[in-house]
Protein chains: 2
Amino acid sequence: MERLLDIAEVSDRSGVSPSGLRYYEKRKLIVAVARNGLRRQYEPAVLQELALINLAKSAGYSLDEIGSVLRRPGATVIPRDVLVEKAGSLEEQAKRLVNLAKMLRHVADCPYEDHFECSRFRKLLIVATKVTNC
Amino acid sequence: MERLLDIAEVSDRSGVSPSGLRYYEKRKLIVAVARNGLRRQYEPAVLQELALINLAKSAGYSLDEIGSVLRRPGATVIPRDVLVEKAGSLEEQAKRLVNLAKMLRHVADCPYEDHFECSRFRKLLIVATKVTNC
DNA sequence: CATTGACTTGAAGTTGACTTCAAGTTGTAG
DNA sequence: CTACAACTTGAAGTCAACTTCAAGTCAATG
């Protein structure tokens, strides 16, 4: 029998505020499996779900999109090709971020005041935005 | 003498709506260099700026942050170490996205209904969130 | 030279993701 | 067994980033 975590502990360990946790519950991203009095109690696994939620949010997904994935178990499965496609666009976005990082590193050492006048900068920008999808 | 672009053309070519362009102008992210009657006219270079804005937005930067970079030319320069640090966190985020992509590819081929029950999935999640900063 | 349609403005409205609030409840420490 | 800190609720408020609106302007077309 696994120990349950109360909302304060989940908040501390996940970095999500208690009101945020309640909000996620309302949006059906997570569930509180029990109450201690009025206080929500969570399974430890919720920490993993929250880690996934934070990750997906930082990747630009909305809570709706994340929720539709998280609510899947027991429901219909996301088609394989949709998953593979999403993986592909995440990888593209990752490349864009790496290129943006390269731009910043270049700017750090570039003498131009207005970086749009620097040809190297412009080339990096073109590369960085070339992969733009969505 | 370079040809100016009017708002409709900039909107079409950048993917940013006319109202979005006006909003960016109000926020001082871009400038309209002229008017044809009341209609804003832009330098072609604005397309590059908009590409950078879109890129930075997708990387999670707010318009304020982006604007503070874009408004720099002529003003003070961003310290080198700040740039390098930002580059580093972008690269970390890129790694997280790649790991999230790996997770999705795994899920595409994994038989588990509830992926949190799959040990490979959990491992990928731990890896993907390990790099979590900020 | 009158019409039209694409723009203009400032203000108000919307959406997503929360946060804050006021009033109430309750497990636990003293 | 009382007090209190930490939760509870639903509703309202906030913030960023736009969008929509109503009323007006004007370049270009017929």
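Just so we're on the same page: letters track the sequence lines, and every chain starts at 1. Remember, it's a predicted structure, so these values are computed and weren't measured experimentally.
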Worksheet item: How are the rings of F116(B) and F121(B) set relative to one another: parallel (under 30°), tilted (30 to 60°) or perpendicular (over 60°)?
Response: perpendicular

Starting at atom [atom1] of [X], determine the distance to atom [atom2] of [N], rounded to an integer number of angstrom.
| X | N | atom1 | atom2 | value |
| --- | --- | --- | --- | --- |
| N54(B) | dC18(D) | CG | P | 9 Å |
| I7(B) | dT9(C) | CD1 | C1' | 12 Å |
| I53(B) | dA17(D) | CD1 | P | 12 Å |
| D6(B) | dG5(C) | CG | P | 17 Å |

Fill in: Any side-chain heavy-atom pair of R3(A) and E9(A) under 4.5 Å
yes

Fill in: Side-chain donor/acceptor of R71(B) to backbone N/O of K28(B), under 3.5 Å
yes

Discussion item. Test side chain to side chain contact (heavy atoms under 4.5 Å, CB included) on L83(A) and R105(B); report intermediate values, then the result.
Written reply: CA-CA 7 Å; L83(A) 286 170; R105(B) 286 190 197 283; over 6 Å; no

Practice prompt. Using a 4.0 Å heavy-atom cut-off, write out nucleotides 16-30 of chain C from 5' to 3' as B (base contacted by protein), S (sugar-phosphate only) or - (no contact).
Written response: -BBBB----SBS---

Worksheet item: Quick one: CG on L70(B) to CG on L52(B), what's the gap to the nearest 0.5 Å?
Response: 6.0 Å

Practice prompt. Show the numbers, then the answer: is there a side chain to side chain contact (heavy atoms under 4.5 Å, CB included) between V10(A) and R40(A)?
Written response: CA-CA 10 Å; V10(A) 172; R40(A) 288 166 175 79; over 6 Å; no

